[in-house]
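Below: one structure, written as structure tokens.
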Amino acid sequence: MALVPLIAVVDDDASLRNALAELLEVLDFKCQVFESPETFLAAHARGRFACLITDLNMKGISGLQLQQMLTVFDPGLPMIFISAQSDSEARSKALCSGAVAFLSKPIDDDVLYRHIISALNRASKGLTDD
């Protein structure tokens, strides 16, 4: 039986967090949700997650700040950003810093799925790049 990738979802909006978790389950991924970047970081260990889906704007640590922290702690972790706001500067910063995608809410399920597959492919290639 193939190993099912574990995807982390970080979003301070409980309804979106739960909707993403349900969608990922339907798509046959394992998922662990976090209400804040702080709770994610407390549970994080390098290599534990195959991909991270995170909101851009959250209370406390932002998605961009989380991305910066992860460049130190887990530089190979693929990230997908989601945001309700169309912020071209944040989009550019996230993508230039290595994000796989920056998606606007509401999220299109098929588009998200394609980006998750791209992120997982990127992660699997990164395993040999040490």
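- Here the SG-CD distance, from Cys31 to Glu25, works out to 9.0 Å after rounding to the nearest 0.5 Å.
- For the pair Leu24/Val9, a side-chain contact is recorded, criterion being any heavy-atom separation below 4.5 Å from C-beta on.
- Side chain of Thr71 to backbone of Gln68: a donor-acceptor contact under 3.5 angstrom is found.
- Cys51 approaches Ala119 most closely through the heavy-atom pair SG-CB, 3.8 Å.
- Under a hydrophobic clustering in which Ile, Leu, Val, Met, Phe, Trp and Tyr are joined whenever their side-chain heavy atoms come within less than 4.5 Å, directly or via other members, Leu70 and Leu120 fall into different clusters.
- Contacts classified as ring pair (Phe, Tyr, Trp, His ring centres under 6.0 Å) and involving residues 3-28 (residues at least two apart or in different chains) are not found.
- In the hydrophobic clustering of this structure, Val100 groups with Leu27; members are Ile, Leu, Val, Met, Phe, Trp, Tyr whose side-chain heavy atoms approach within less than 4.5 Å, directly or through other members.
- Aromatic ring orientation, Phe81 versus Phe102: parallel (interplanar angle below 30°, classes split at 30° and 60°).
- Hydrophobic clustering (ILVMFWY, side-chain heavy atoms < 4.5 Å, transitive): Met58 and Phe40 are in one cluster.
- The distance from the CE atom of Met79 to the CG atom of Leu95 is 11.0 Å, given to the nearest 0.5 Å.
- Side-chain atoms of Phe49 and Leu77, non-hydrogen and from C-beta on, do get closer than 4.5 Å to each other.
- Side-chain contact between Leu16 and Ile82: present, with at least one pair of heavy atoms (C-beta onward) separated by less than 4.5 Å.
- The CG atom of Asn18 sits 12.5 Å away from the CG atom of Leu23 when rounded to the nearest 0.5 Å.
- Shown here are the side chain to side chain contact (heavy atoms under 4.5 Å, CB included) partners of Ser104, two or more places apart in sequence or in another chain: Arg91.
- Shortest non-hydrogen contact noted between Asn57 and Ser83 is ND2-OG, 4.2 Å.
- Under a hydrophobic-cluster definition in which Ile, Leu, Val, Met, Phe, Trp and Tyr are linked whenever side-chain heavy atoms come within less than 4.5 Å, directly or via other members, Phe34 and Ile53 are assigned to different clusters.
- Applying the salt bridge (charged side-chain N to carboxylate O under 4.0 Å, His left out) test to pairs two or more places apart or on separate chains, those with a residue in residues 96-105 are Asp11-Lys105, Asp55-Lys105.
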Can you give the donor-acceptor pairs under 3.5 Å from side chains of residues 108-117 to other protein atoms, not counting sequence neighbours?
| unit_1 | atom_1 | unit_2 | atom_2 | d |
| --- | --- | --- | --- | --- |
| Asp108 | OD1 | Asp110 | N | 3.0 |
| Asp108 | OD1 | Val111 | N | 2.9 |

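- Between Gln65 and Ser62, the closest heavy-atom pair is OE1-N, 2.8 Å.
- No side-chain heavy atom of Lys93 sits under 4.5 Å from any side-chain heavy atom of Gln67.
- Inter-residue side-chain proximity for Glu35 and Asp12 is flagged as unmet; no heavy-atom pair is nearer than 4.5 Å.
- With sequence neighbours left out, the ring pair (Phe, Tyr, Trp, His ring centres under 6.0 Å) criterion links Phe29 to no other residue.
- Of the possible polar contacts, one joining the Arg48 side chain to the Ala43 backbone as a donor-acceptor pair under 3.5 Å is found.
- The minimum heavy-atom distance between Ala90 and Leu56, with the atom names listed, is CB-CD2, 3.7 Å.
- Val26 and Val33 fall into different hydrophobic clusters, defined by Ile, Leu, Val, Met, Phe, Trp and Tyr side-chain heavy atoms under 4.5 Å apart, directly or through other members.
- Across every non-hydrogen atom of Val4 and Lys30, the tightest pair is CG1-N, 3.5 Å.
- Residues Met69 and Leu41 share a closest heavy-atom pair of SD-CD1, 3.5 Å.
- Taking Glu38 as the reference, Ser36, Ile61 meet the side chain to side chain contact (heavy atoms under 4.5 Å, CB included) condition, with sequence neighbours excluded.
- Leu52 is listed as a side-chain neighbour of Leu66, based on a closest heavy-atom distance under 4.5 Å.
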